[in-house]
There are 2 protein chains.
Amino acid sequence: MKKSAQTREHILQAAEKLFSEFGFDGTSLREITHEAGVNLASVNYHFGSKKGLIQAVMERYQRVFMPALQEELEFRVARGGISTESLLSCFVRPLTALEDVRADGAEVYLKLLGFAYSEIQGHLRRFTMNRFGSVIQDVFRLFVQANPHLTAETLFWRLHFALGTVLFAQVSAKALSEIARADFSDPTPENLMMQRLLPYIAAGISAPEMSLPETSMHKSEALS
Amino acid sequence: MKKSAQTREHILQAAEKLFSEFGFDGTSLREITHEAGVNLASVNYHFGSKKGLIQAVMERYQRVFMPALQEELEFRVARGGISTESLLSCFVRPLTALEDVRADGAEVYLKLLGFAYSEIQGHLRRFTMNRFGSVIQDVFRLFVQANPHLTAETLFWRLHFALGTVLFAQVSAKALSEIARADFSDPTPENLMMQRLLPYIAAGISAPEMSLPETSMHKSEALS
DNA sequence: ACAGAAATTAAACAGCTGTTTTAAACGTAA
DNA sequence: TTACGTTTAAAACAGCTGTTTAATTTCTGT
């Protein structure tokens with residue numbers, strides 16, 4: 001009951017590291033057990049299957065993150081003054097709390113969440129940039145021109161955020177539509193989702209420049 | 001030279017259909033050739049490899065979309081009055097032009113683009129909702145409370161957009177940071193990207209309700 | 001120290017993947 | 001029709017995947 005918990009932990013740490021870097025489909029059990037220095041079969045012995053390992057990895061983070069988030073939300077509700085920004089700030093402390101799980105816990109957890117929905121295809125991006133890079137540069141330059149109150153760096157990031165929003169929403173359009181139809185009896189078909197996307201993207205891109213680069217949005221001032 | 005082009009087209013159409021539905025990694029060459037009604041080896045014969053087939057599928061759409069986008073941008077620039085909304089509207093006509101490639105061309109192309117960056121993991125979403133669904137509902141309810149000028153349906157969608165933005169940006173954080181460093185010598189490290197994300201997300205979520213459900217944002221009024 | 005449970009190990013399993021091979025069938029120009 | 005280059009076809013290839021088996025070792029409670 002001591003050595004077993006040890007290899008269990010080694011497997012989990014190796015899986016966290018490799019999953020967050022290469023994704024779930026992109027990481028084999030052999031790579032994990034090799035990184036962990038344990039036998040291949042021990043994964044199935046301790047976690048039943050690869051899916052069981054994935055859920056065990058995620059659960060370690062969610063068991064820290066989710067209660068912390070709930071606590072933060074309740075605290076924010078108790079003192080009133082709810083705003084979008086204040087609600088978003090509620091995610092900060094739960095993320096930093098993930099350092100208890102791992103030194104770079106917040107980063108790993110978000111990447112795991114991201115890979116839970118997505119896996120990157122790198123060669124297509126290079127393929128597109130080599131062939132139509134000038135168009136992308138034009139788009140960028142025009143957006144800079146249209147937003148004189150923003151720096152080029154900020155717009156660079158926000159345009160990629162917008163790209164990510166559109167692509168992600170499009171990929172999950174089917175699932176989201178089903179949920180929306182169940183929760184709100186929302187008659188919005190999938191092909192009208194772009195009309196819902198546009199206001200969101202426009203406001204996000206043209207939003208005021210990012211606030212102070214200090215440690216704002218932290219809950220420390222809530223107790224002072 | 002006639003039968004060959006025929007199987008080539010069958011392969012491309014089957015690949016478009018299956019890729020856009022199950023992703024690139026999630027679709028095998030055997031599934032494609034079965035759907036197309038052709039022999040397995042014909043994919044390697046006509047496209048060299050699976051990667052070659054993927055690029056051929058994407059190229060068919062990009063060869064229509066990218067020039068149309070460039071044209072739309074030049075037209076918009078010529079008559080001035082550039083705004084974020086008007087620039088976003090420049091993407092509408094190029095997307096609808098993809099109907100020349102396929103009846104649901106715009107939808108397929110966006111899904112292909114989405115899968116180019118991501119592949120969905122469905123079971124993790126259900127796993128999270130079953131275990132921490134109440135927290136997610138609390139988050140949603142509070143966001144509704146914080147945005148009385150928006151309907152619940154709109155907020156449902158925008159919160160998922162925000163989730164998609166964060167996850168996507170986090171997954172591509174490394175690649176984006178490298179590009180930003182090369183283009184702007186941007187010293188922003190990866191861990192400061194969340195500070196860039198917050199203003200974007202906040203503005204997107206709290207943006208005014210979506211505009212008229214008619215055919216706004218189309219370039220037709222530009223000539224009137 | 002011993003018996004029994006728990007855990008590790010090496011090996012093989014069945015199934016899938018993209019790719020290659022070899023030969024047959026096809027289309028086309030002489 | 002004959003001959004030749006192109007295209008199709010069935011089969012096998014080598015490699016990877018997650019999983020299982022069976023034997024061995026290690027740990028633990030008495």
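Just so it is clear: chains get the letters A, B, ... in the order the sequence lines come, proteins before strands, and each one is counted from 1.
- Using a 4.0 Å heavy-atom criterion, one finds that A:Thr27 contacts the sugar-phosphate atoms exclusively.
- Atom-to-atom, CZ of A:Arg8 to C1' of C:dA7 comes out at 13 Å; the value is rounded to the nearest Å.
- Residue A:Ser28 is in sugar-phosphate contact alone, with no base atom involved, counting any heavy-atom pair closer than 4.0 Å across all strands shown.
- Between the CZ atom of A:Arg30 and the C1' atom of C:dA10 there is a distance of 12 Å, rounded to whole Å.
- When distances are taken from the side chain of A:Lys50 to each of C:dG18, C:dT8, D:dT19, the shortest belongs to D:dT19.
- In the set D:dT21, C:dA12, C:dT21, C:dT21 carries the atom at the smallest distance from any side-chain atom of B:Ala41.
- In this structure, CG of B:Asn39 is placed 11 Å from P of D:dA11, rounded to the nearest angstrom.
- Using a 4.5 Å heavy-atom threshold, the side chains of A:Phe156 and A:His160 count as touching.
- With contacts defined as side-chain heavy-atom distances shorter than 4.5 Å, the pair A:Arg158/B:Pro199 qualifies.
- Residue A:Leu29 has its side chain nearest to D:dT19 when only D:dT19, D:dT8, C:dG18 are considered.
- Comment: A:Glu9 engages A:Arg60 in a salt bridge, judged by a side-chain N to carboxylate O separation of less than 4.0 angstrom.
- In this structure, A:Tyr45 places its OH atom 13 Å from P of C:dA5, rounding to the nearest Å.
- Within the structure, a side-chain polar atom (N or O) of B:His46 is placed less than 4.0 Å from OP1 or OP2 of D:dT8.
- For C:dA7, the OP1/OP2 oxygens have no side-chain nitrogen or oxygen of A:Thr7 closer than 4.0 Å.
- A side-chain donor from one of A:Tyr200 and B:Thr165 sits under 3.5 Å from a side-chain acceptor of the other.
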